[in-house]
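A quick write-up on the structure given underneath.
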Amino acid sequence: MASRKLVLFILASASISSTTPEWTQNVEEANSGHTIGNPDAEVKLAEYISYTCSHCATFTKEGESALKQRYVQDGTVSLEIRHLIRDPIDLTVALLTHCGEPESFSSKHTAFMASQDNWLAIAIESSADMRQRWSNPDREEGRRALSEDLGFYEIMRAHSYTTTEINSCLADGAQESALINSSMNDARRLNLRGTPSFTINDALLPNIHRWEELEPRIIDELASNLIGSN
């Protein structure tokens with residue numbers, strides 16, 4: 001406990017006096033994931049999410065802001081968001097959050113998670129006709145219908161995307177394949193069983209799914225690094 005308090009004190013002091021960049025504004029895309037923060041951070045946290053996972057939306061609402069403000073902002077921790085694709089809705093949202101420049105990812109990711117209660121309720125209560133349109137063998141047409149019915153076009157337009165740009169991203173077969181393949185590879189490599197799941201420096205944190213469980217593990221890692229450097 002003492003080491004955790006020491007780490008928190010040091011981080012708080014650094015955030016007051018630091019002249020380092022605002023690392024939450026730095027976003028890089030690689031291997032179908034987006035890394036937010038200092039690419040050279042000693043603690044590299046990865047979050048494996050699905051957009052149709054209610055627990056993932058809860059973590060985004062309750063934990064990601066605190067995570068970024070307390071640990072990512074000053075460059076001590078980086079956050080990579082990766083996808084475990086569960087269903088066509090999840091894949092459609094993933095394609096849309098990957099639409100455009102990497103710097104736009106964070107705001108779209110947060111917007112879709114924040115509105116999940118609304119659009120997921122529509123999906124759950126959808127009619128047979130709606131679901132038939134979504135399952136169109138032409139996957140591009142199916143995703144367009146799904147996005148129209150669930151309000152995804154409105155979310156993207158709020159981020160200054162045109163209909164043409166949105167449709168182009170929904171039709172991106174290369175991105176679709178990359179997301180599916182990376183999801184399968186991550187699940188197999190790390191033996192991931194659910195979402196959200198977390199790794200620190202590519203080591204899985206078993207049975208950690210909530211912010212109140214994750215933050216102590218981040219602090220312990222930072223404390224270990226601090227002690228090891230002295």
Side-chain angles (χ1 to χ4, degrees), residues 20-53 56-57 59-61 63-85 89-116 140 143 147 152-187 189-190 195-202 218:
T20 57
E22 167 49 271
W23 282 112
T24 57
Q25 303 303 313
N26 187 69
V27 183
E28 299 179 2
E29 182 178 3
N31 301 320
S32 299
H34 285 84
T35 298
I36 304 164
N38 179 3
D40 297 320
E42 291 189 5
V43 176
K44 293 178 171 58
L45 174 70
E47 175 188 1
Y48 295 82
I49 63 99
S50 294
Y51 285 110
T52 53
C53 160
C56 297
F59 179 82
T60 300
K61 296 171 186 175
E64 280 190 10
S65 178
L67 170 61
K68 290 177 181 178
Q69 291 177 9
R70 297 176 191 174
Y71 305 105
V72 176
Q73 180 172 291
D74 66 359
T76 57
V77 176
S78 64
L79 168 64
E80 182 180 15
I81 297 178
R82 300 189 60 78
H83 306 272
L84 286 183
I85 303 298
I89 298 176
D90 186 12
L91 176 58
T92 299
V93 179
L95 285 169
L96 293 174
T97 58
H98 279 253
C99 196
E101 296 301 317
E103 292 78 10
S104 70
F105 170 79
S106 294
S107 62
K108 297 196 299 289
H109 168 77
T110 300
F112 277 103
M113 285 300 198
S115 60
Q116 186 200 75
E140 179 183 347
R143 284 195 282 265
S147 298
F152 294 167
Y153 280 95
E154 285 77 4
I155 294 173
M156 293 295 288
R157 288 176 186 133
H159 288 77
S160 302
Y161 287 85
T162 67
T163 299
T164 299
E165 290 170 334
I166 298 167
N167 288 340
S168 177
C169 291
L170 291 173
D172 191 340
Q175 185 69 270
E176 175 189 18
S177 296
L179 285 165
I180 292 172
N181 289 336
S182 67
S183 173
M184 294 175 59
N185 291 336
D186 287 342
R189 181 175 62 85
L190 294 165
T195 53
S197 290
F198 301 92
T199 63
I200 289 182
N201 296 336
D202 208 34
I218 295 172

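From a predicted model like this one, the values you see are computed outputs, not experimental measurements. Along the sequence shown, the residues carry numbers beginning at 1.
Residue Ala178 comes nearest to Ser32 through the heavy atom pair O-OG, 3.3 Å, listed as atom of the first residue, atom of the second, then distance. Closest approach of Thr92 and Ser147 over heavy atoms only: CG2-OG, 3.5 Å. Between Leu84 and Ser183, the closest heavy-atom pair is CA-OG, 3.3 Å. When all heavy atoms of Glu165 and Ser160 are compared, the pair lying nearest together is OE1-O, 4.0 Å.
Shown here are the ring pair (Phe, Tyr, Trp, His ring centres under 6.0 Å) partners of Tyr153, two or more places apart in sequence or in another chain: there are none. Applying the salt bridge (charged side-chain N to carboxylate O under 4.0 Å, His left out) test to Asp40 and every residue at least two apart in sequence or in another chain returns nothing. For Ser107, there are no side chain to side chain donor-acceptor pair (under 3.5 Å) partners, not counting sequence neighbours. Take Thr60 and apply the side chain to side chain contact (heavy atoms under 4.5 Å, CB included) test, not counting sequence neighbours, and it matches Glu64, His109, Met113. In this structure, Tyr161 has no ring pair (Phe, Tyr, Trp, His ring centres under 6.0 Å) partners at least two apart in sequence or on a different chain. Here Ile180 pairs with Leu91, Glu176, Met184 under the side chain to side chain contact (heavy atoms under 4.5 Å, CB included) rule; sequence neighbours left out.
A donor-acceptor pair shorter than 3.5 Å can be found between the side chains of Thr163 and Arg157.
Ring pair Phe105/His83 is perpendicular by interplanar angle, where above 60° counts as perpendicular and below 30° as parallel.
Within a 6.0 Å radius of CD in Glu42, other residues, nucleotides and ligands contribute 12 heavy atoms or fewer. The environment of CG in Asn31 is sparse: at most 12 heavy-atom neighbours from other residues, nucleotides or ligands sit within 6.0 Å.
The CD atom of Gln69 sits 8.5 Å away from atom OG1 of Thr24, with the distance rounded to the nearest 0.5 Å. Summarising the geometry, atom OH belonging to Tyr51 is positioned 12.0 Å from atom OG1 belonging to Thr195; distances are rounded to the nearest 0.5 Å. Summarising the geometry, atom CG belonging to Leu96 is positioned 7.0 Å from atom SG belonging to Cys169; distances are rounded to the nearest 0.5 Å. Taking CG from Leu45 and CG from Leu67, the interatomic distance works out to 6.0 Å, rounded to the nearest 0.5 Å. Of the inter-residue distances, the one linking Leu179 atom CG with Ile85 atom CD1 reads 5.5 Å to the nearest 0.5 angstrom. To the nearest 0.5 Å, the span separating OG1 on Thr97 from CD1 on Ile49 amounts to 7.0 Å.
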Hey, mind stepping through Asn167 and Leu170 against side-chain contact (heavy atoms from CB on, under 4.5 Å) and telling me if it holds?
CA-CA 5 Å; Asn167 288 340; Leu170 291 173; 4.2 Å; yes

Kindly determine whether Ser78 and Lys44 satisfy side-chain contact (heavy atoms from CB on, under 4.5 Å), including the steps that lead there.
CA-CA 5 Å; Ser78 64; Lys44 293 178 171 58; 3.5 Å; yes

Could you walk me through whether Arg189 and Asp202 satisfy the salt bridge (charged side-chain N to carboxylate O under 4.0 Å, His left out) test, starting with their C-alpha distance in whole Å, then the side-chain angles of each, then the deciding distance to 0.1 Å, before giving a yes or no?
CA-CA 10 Å; Arg189 181 175 62 85; Asp202 208 34; 2.8 Å; yes

Stepwise, does the side-chain contact (heavy atoms from CB on, under 4.5 Å) test hold for Gln73 with Glu22?
CA-CA 6 Å; Gln73 180 172 291; Glu22 167 49 271; 3.1 Å; yes

Apply side-chain contact (heavy atoms from CB on, under 4.5 Å) to Asn38 and Asn26, showing your working.
CA-CA 7 Å; Asn38 179 3; Asn26 187 69; over 6 Å; no

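Remark: side-chain polar atoms of Gln175 are not paired, donor with acceptor, to backbone N or O of Asp172 under 3.5 angstrom. Panel note: side chain Ser50, backbone Cys53; no donor-acceptor pair is recorded below 3.5 Å. At distances below 3.5 Å, at least one donor-acceptor pair connects side-chain atoms of Ser177 with backbone N or O atoms of Gly173. Looking only at distances, no side-chain donor or acceptor of Ser168 sits under 3.5 Å from a matching main-chain atom of Thr164. Side-chain N or O atoms of Lys68 include none that pairs as donor or acceptor with a backbone N or O of Ile36 at under 3.5 Å.
Put simply, the side chain of Glu80 does not reach to within 4.5 Å of the side chain of Tyr48, judged on heavy atoms. Side-chain atoms of Trp23 and Tyr71, non-hydrogen and from C-beta on, never get closer than 4.5 Å to each other. Contact check for Phe152 versus Ile89: side-chain heavy atoms found under the 4.5 Å cut-off. Considering only heavy atoms from C-beta on, Thr35 stays 4.5 Å or farther from Leu79 through its side chain. The side-chain heavy atoms of Glu28 and Pro39, taken from C-beta on, include a pair separated by under 4.5 Å. Between Ser197 and Leu190, the closest side-chain pair of non-hydrogen atoms is not below 4.5 Å. Residues His98 and Glu29 have side chains in contact (heavy-atom distance under 4.5 Å, counting atoms from C-beta outward).
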